[in-house]
Number of protein chains: 2
Amino acid sequence: MLVSFVFVTMTRRQQIMGTALCLMRKKGYLNTSMRDIASSVNMEAASLYNHIKGKEEILIDTCFGLAETLEIGINEVNDIYFNAAEKLSMAIHSHIKALTQDLNASHLFVHEWRHLSDDKRAQFIERRDLYEKEFRDIVILGFEEGEFKDVDPKFATLTILASLNWVGEWYRPQGEMQPKEIAEKLTHFILSGLQKN
Amino acid sequence: MLVSFVFVTMTRRQQIMGTALCLMRKKGYLNTSMRDIASSVNMEAASLYNHIKGKEEILIDTCFGLAETLEIGINEVNDIYFNAAEKLSMAIHSHIKALTQDLNASHLFVHEWRHLSDDKRAQFIERRDLYEKEFRDIVILGFEEGEFKDVDPKFATLTILASLNWVGEWYRPQGEMQPKEIAEKLTHFILSGLQKN
DNA sequence: TTGGAAAACTAACGAGTGTTAGTTAGTTTT
DNA sequence: AAAACTAACTAACACTCGTTAGTTTTCCAA
């Protein structure tokens, strides 16, 4: 299993979390057992409980951690930029940067939040809806500026976010396209589409 | 549980499959037990095996069934249309029609195929990649015609398919937007983007 | 060197998993 | 009437699951 010089500078908790996320991305949250995680960090399942409260803590910390990163990003964008096209571009950059930072965490954030317990899931959905609203407001602003077409803002926002979130499915850190370039291409594609003229 | 006049005209197998898909969309494939399915059709878990071979058969039949529907659709489009913009539009319509037909099946197709056994998963990925290639070829054709921009075809295709597949997450049959309208808006969005000019 | 916290261990609990075996009642076919 | 088939049942197998309790080992500050 993963052993590197970076490893030794991490707390045991960070090692467990990182390994767990890696397994969960590969096999899915439900399919990854505490015994799987334990054996990947060379200990017994019971010993994990000296470092984390339980299995769900992994999911909770990851989902809400990434949620916060995204919220901070969109708030910065809203503080700095005023024009919708610029805002959208920077929001896309911020979103892609956050998602490509840790693909394992992104997988939990995009796919596995469904398995949060009822109350946590409700909280998560609330924050996700709020984030979605920030994007929608940019689309609406663009229309009010006269720069964007008169599209259904909800539809457009969901379509945009779908494209952004799917990047985690095909992006490879060692590949030829880097996060910044992906964000640029996405921005261009979303703003002006596939067709000439 | 679901009992209707349609129900009586279905074979027991169809009832089981339909109920299973509904549960699996709500709770996830791994989280749905044979006992859950059984009790939803008022029988014991063991009795299910008189009608289906096992749990995975539900996933296999659903994923490969929808795969075939999509393949037939794209082949028809390729047979009938010659111009890339038209092909893309019709391919989008076909895709959206197939996905919105049965949202429960779509959920398994988009999200739960990961839990297919190794060999079946390999087969599934192969067919999915082939379908993806059909889309990519349309994008390439559009460039060769001089109608589409010089985008990275792989990137564009993945972005397009992400938008299409995500429709299953927010489309509601009783909502105001119907599949045909969704397909039209998606086509327009993908072809000409958000920005004016 | 030593006291005590931190972090590992073993063992087990109670619940749940997909699936199989064997059986039975009711219906259809021969 | 006999045989075969269908679809349900009960019971159980052989695991796996997350988690807890109690115990032992490790390791660092005093």
Side-chain angles (χ1 to χ4, degrees), chain A residues 1-3 7-24 26-63 108 112-121, chain B residues 1-3 7-24 26-63 108 112-121:
Chain A
M1 213 44 225
L2 175 68
V3 175
F7 220 76
V8 299
T9 69
M10 293 199 284
T11 67
R12 208 82 174 96
R13 185 174 204 281
Q14 286 170 321
Q15 291 174 33
I16 290 166
M17 289 295 252
T19 306
L21 261 51
C22 177
L23 287 173
M24 286 172 178
K26 208 171 343 186
K27 323 198 322 166
Y29 174 75
L30 292 173
N31 241 350
T32 303
S33 71
M34 294 300 270
R35 286 166 180 84
D36 288 336
I37 299 166
S39 82
S40 285
V41 291
N42 296 312
M43 58 168 84
E44 295 300 314
S47 308
L48 295 172
Y49 290 82
N50 288 315
H51 305 277
I52 61 175
K53 280 204 272 182
K55 190 181 178 184
E56 204 194 352
E57 197 184 39
I58 301 170
L59 190 56
I60 292 173
D61 281 16
T62 307
C63 288
L108 294 211
E112 310 278 18
W113 59 268
R114 293 162 212 266
H115 302 115
L116 286 165
S117 58
D118 288 348
D119 58 332
K120 289 289 172 186
R121 189 171 60 251
Chain B
M1 214 41 225
L2 175 67
V3 176
F7 219 77
V8 297
T9 70
M10 293 200 285
T11 66
R12 207 83 174 97
R13 185 175 205 280
Q14 287 171 320
Q15 291 173 32
I16 290 166
M17 288 295 251
T19 306
L21 261 51
C22 177
L23 287 173
M24 286 172 176
K26 207 171 345 186
K27 321 195 326 166
Y29 174 75
L30 293 174
N31 240 352
T32 303
S33 71
M34 293 301 269
R35 286 162 181 85
D36 288 337
I37 299 166
S39 82
S40 285
V41 291
N42 295 311
M43 58 166 86
E44 295 301 314
S47 309
L48 295 172
Y49 290 82
N50 288 315
H51 305 277
I52 61 175
K53 280 204 272 183
K55 191 182 179 184
E56 204 194 353
E57 197 184 38
I58 301 170
L59 189 56
I60 292 173
D61 281 16
T62 306
C63 288
L108 293 212
E112 309 278 19
W113 61 267
R114 290 163 214 267
H115 302 115
L116 286 165
S117 59
D118 288 347
D119 58 333
K120 289 288 170 186
R121 189 172 60 252

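Each chain gets a letter, A, B and so on, in the order its sequence line appears, and its residues count up from 1.
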Check your understanding: Under 4.0 Å between a side-chain N or O of His51(A) and OP1 or OP2 of dA8(C)?
Key -> yes
Ranking dA8(C), dT19(D), dT19(C) by distance to the side chain of Ala45(A), first place goes to dT19(D)
Atom CD1 of Ile58(A) and atom P of dC17(D) are separated, to the nearest Å, by 14 Å
Partner of dA11(C) under the Watson-Crick or G-U wobble criteria, both distances under 3.5 Å, comes out as dT20(D)
In whole angstroms, the gap separating C1' of dC17(D) from CD of Glu56(A) amounts to 15 Å
Evaluate the criterion side-chain contact (heavy atoms from CB on, under 4.5 Å) for residue pair Arg13(A) and Asn50(A); output intermediate values, then yes/no.
CA-CA 9 Å; Arg13(A) 185 174 204 281; Asn50(A) 288 315; over 6 Å; no
Rounded to whole Å, CD of Glu57(A) lies from P of dT19(D) at a distance of 10 Å
Report yes if at least one side-chain N or O of Arg35(B) is closer than 4.0 Å to OP1 or OP2 of dT19(C); otherwise report no.
no
On DNA chain C, more 5' by nearest nucleotide between Leu30(B) and Ala46(A) is Ala46(A)
Met43(A) atom CE is separated from dT25(D) atom C1', nearest whole Å, by 14 Å
Rounded to the nearest 0.5 Å, the NZ atom of Lys55(B) sits from the OH atom of Tyr49(B) at a distance of 9.0 Å
Asp36(A) atom CG is separated from dC17(D) atom P, nearest whole Å, by 6 Å
TODO: Return no unless some side-chain N or O of Ser33(B) is found under 4.0 Å from OP1 or OP2 of dT17(C).
DONE: yes
Between CG of Leu48(A) and P of dT19(D) the distance, given in whole Å, is 10 Å
**Asked** What about Asn50(A): does its side chain form a donor-acceptor pair under 3.5 Å with the base of dA6(C)?
**Response** no
Among the nucleotides dT19(C), dA8(D), dC9(C), whichever has the atom closest to the side chain of Glu44(A) is dC9(C)
Met24(A) atom CE is separated from dC17(D) atom P, nearest whole Å, by 12 Å
To the nearest 0.5 Å, atom CD1 of Ile37(B) lies from atom OG1 of Thr19(B) at 8.5 Å
Next on the checklist: Could you go through Ser33(A) and Asp36(A), starting from their C-alpha distance and side-chain angles, then the distance that decides it, and tell me whether this counts as side chain to side chain donor-acceptor pair (under 3.5 Å)?
Outcome noted: CA-CA 5 Å; Ser33(A) 71; Asp36(A) 288 336; 3.3 Å; yes
- prompt: Is any side-chain nitrogen or oxygen of Arg13(A) closer than 4.0 Å to OP1 or OP2 of dA7(C)?
  reply: no
In whole angstroms, the gap separating C1' of dG22(D) from OH of Tyr49(A) amounts to 17 Å
With respect to the phosphate group of dC9(D), does any side-chain polar atom (N or O) of Ser47(B) fall under 4.0 Å of OP1 or OP2?
-> yes
- Query: Got a donor-acceptor contact below 3.5 angstrom from the Lys120(A) side chain to the Trp113(A) backbone?
  - Reply: no
